[in-house]
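Working notes, beginning with the structure itself.
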Amino acid sequence: MYTLNVPCTATLMLSGDQGSEFSMYAKKASSTWVPSAIHVTRNADVSTLSPASSQKIHLESGEWFVVVESLKGFAEYTLTIDKECPITTSCYGGPCYNMADCAPPMVYRDNLQTGFLNSGESKTFAYRLTGNRSFVEWVLSGPCDESAPLMQSKSDVDMFVTRNCGPDLDLYVYEACNPKYKPCVAIAADIGLGSNAYVGISHPDEEKLYYVKIYGKRGSGNYHLTARSYTGQDMVIAGIKPSEYDGFIASATDVKAPDDLNVTIPVPPTAYTIKAAEL
């Protein structure tokens, strides 16, 4: 069992010998009490779904107890933690000489959803943004990119979404309308070629639910859907002003997605600042 202090958010990755079978369990500390490894495995807040030689779990900020369990024989493994802390940047593309004039952007919370999409299949997630946000973005990456990069400029977004690799996946965003149960028109969508897609919205409405649908247009493969929100008043986001995203919030707006071709079991919202539930 390991004890980890996560200052922001983090992804914990395990890589074991070929043919090994490991599981990971993580429980967040709620007091000074140190639990046993058995208690963590039986009462884990986060755990892997099935044994495998490589595993990955996402942790929010705080102190965590992490247990690595071998389900098959003996094997060596490497455990790494990728911390996802707030970013700082320059002011409107230039260096900050007077910090009073600078409002460093801050990643307030990430929410990661992963899974597998077949051709013609779709998944729908619901998000609630608590507190005032100046910007929210959804970054969809396919099997060729396992993580969502921090976009430094519009050209970074262009480069990300035009990477034509793997299946063709589309991304649709709806405001206060659930596309699984009635016809809805997306407020923004990225329906370009390739497995990567991006949608960003300035000053989202914190009183409304946002529904995000990902659709497998062609081919099949793993997906990673990251929702990332920023806080601040008209702050600079990753070195650019939010207004510079205007016109590139998505490649298409006011579009209708294909009907849902699958039924998924609802899961409860995660206890993140960005709350998401698959519908």
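Only a predicted model underlies this, so the values are computations on that prediction, with no experimental measurement involved.
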_I'd like to know if I57 and V67 are part of one continuous hydrophobic network [Ile/Leu/Val/Met/Phe/Trp/Tyr, side-chain heavy atoms within less than 4.5 Å]._
no
*Under the 4.5 Å side-chain heavy-atom rule for ILVMFWY, direct or indirect, which residues accompany L193?*
none
*Is it the case that one hydrophobic cluster holds both V40 and L79, taking links as side-chain heavy atoms less than 4.5 Å apart, direct or via other members?*
no
*Could you tell me whether a side-chain N or O of S141 sits under 3.5 Å from a main-chain N or O of D145, the two making a donor and an acceptor?*
yes
_Close side-chain approach of Y223 and L140, heavy atoms under 4.5 Å_ = yes
_Shortest non-hydrogen separation from P179 to Y211 and the atoms involved_ = CD-CB, 3.8 Å
*Got a second to check how far S119's OG is from D168's CG, nearest 0.5 Å?*
9.5 Å
*What about L14 and L4, same hydrophobic cluster or not, with Ile/Leu/Val/Met/Phe/Trp/Tyr joined at side-chain heavy-atom distances under 4.5 Å?*
yes
*Assess whether side-chain hydrogen bond (donor to acceptor under 3.5 Å, both in side chains) is satisfied between H58 and T11, documenting all intermediate values.*
CA-CA 4 Å; H58 193 72; T11 300; 3.3 Å; yes
*asked:* When you compare the side chain of Y210 with that of P204, does any pair of heavy atoms fall below 4.5 Å?
replied: yes
_From CD1 (I214) to CD (E121), nearest 0.5 Å_ = 9.0 Å
*Going hydrophobic residue to hydrophobic residue with side-chain gaps under 4.5 angstrom, can you get from W64 over to M1?*
no
*asked:* Checking N222 now: which residues fulfil side chain to side chain contact (heavy atoms under 4.5 Å, CB included) with it, not counting sequence neighbours?
replied: F116
*asked:* Under a 3.5 Å distance rule, please check whether S15 uses its side chain to pair with a backbone N or O of T78 as donor and acceptor.
replied: no
*Is the side chain of Q55 donor-acceptor paired with the backbone N or O of F22 at a distance under 3.5 Å, no angle test?*
yes
_The criterion is side chain to side chain contact (heavy atoms under 4.5 Å, CB included); which residues satisfy it with A29, sequence neighbours excluded?_
E63, F65
*For the residue pair Y174 and Y172, does the interplanar ring angle fall in the parallel (under 30°), tilted (30 to 60°) or perpendicular (over 60°) class?*
parallel
_Pairing residues for S195 by the side chain to side chain contact (heavy atoms under 4.5 Å, CB included) criterion, not counting sequence neighbours_ = P143, P167, L169
*Short question: side chain of D17, backbone of E76 - any donor-acceptor pair under 3.5 Å?*
yes
*For the rings on Y127 and W138, is their centre-to-centre separation under 6.0 Å?*
yes
*Looking at Y215 and S122, what are the two nearest heavy atoms and their distance?*
CD1-CB, 4.0 Å
*How many angstroms lie between atom NE2 of H224 and atom OG1 of T114, to the nearest 0.5 angstrom?*
5.5 Å
*asked:* Checking the side chain of K217 only, and the main-chain atoms of I191 only, is there a donor and an acceptor separated by less than 3.5 Å?
replied: yes
*May I have the step-by-step check of side chain to side chain contact (heavy atoms under 4.5 Å, CB included) for E175 and D205, ending in yes or no?*
CA-CA 9 Å; E175 185 179 77; D205 191 336; 4.1 Å; yes
*Using modelled atom types only, decide if a donor and an acceptor are shared between the side chain of D190 and the backbone of G192 within a distance under 3.5 Å.*
yes
*asked:* Is there a continuous path of hydrophobic side-chain contacts, each under 4.5 Å between heavy atoms, that joins L12 to Y2?
replied: yes
*Any pair counted as side-chain hydrogen bond (donor to acceptor under 3.5 Å, both in side chains), so long as it reaches residues 36-46, sequence neighbours left out*: H39-N43
_To the nearest 0.5 Å, what is the distance between SG on C184 and CG on N178?_
6.5 Å
*Provide the full list of side-chain hydrogen bond (donor to acceptor under 3.5 Å, both in side chains) pairs with a residue in residues 21-34, sequence neighbours left out, each pair given once.*
Y25-E69
*asked:* Could you measure the distance from the CE atom of M13 to the OG atom of S54? Nearest 0.5 Å is fine.
replied: 11.0 Å
*Heavy-atom pair with the smallest gap, counting every atom of A26 and V66*: CB-CG2, 4.1 Å
*For V212 and T124, run side chain to side chain contact (heavy atoms under 4.5 Å, CB included): C-alpha distance rounded to whole Å, both residues' side-chain angles, the deciding distance at 0.1 Å, then the answer.*
CA-CA 6 Å; V212 176; T124 302; over 6 Å; no
*How long is the span from the CG atom in N196 to the CE atom in M159, to the nearest 0.5 Å?*
12.5 Å
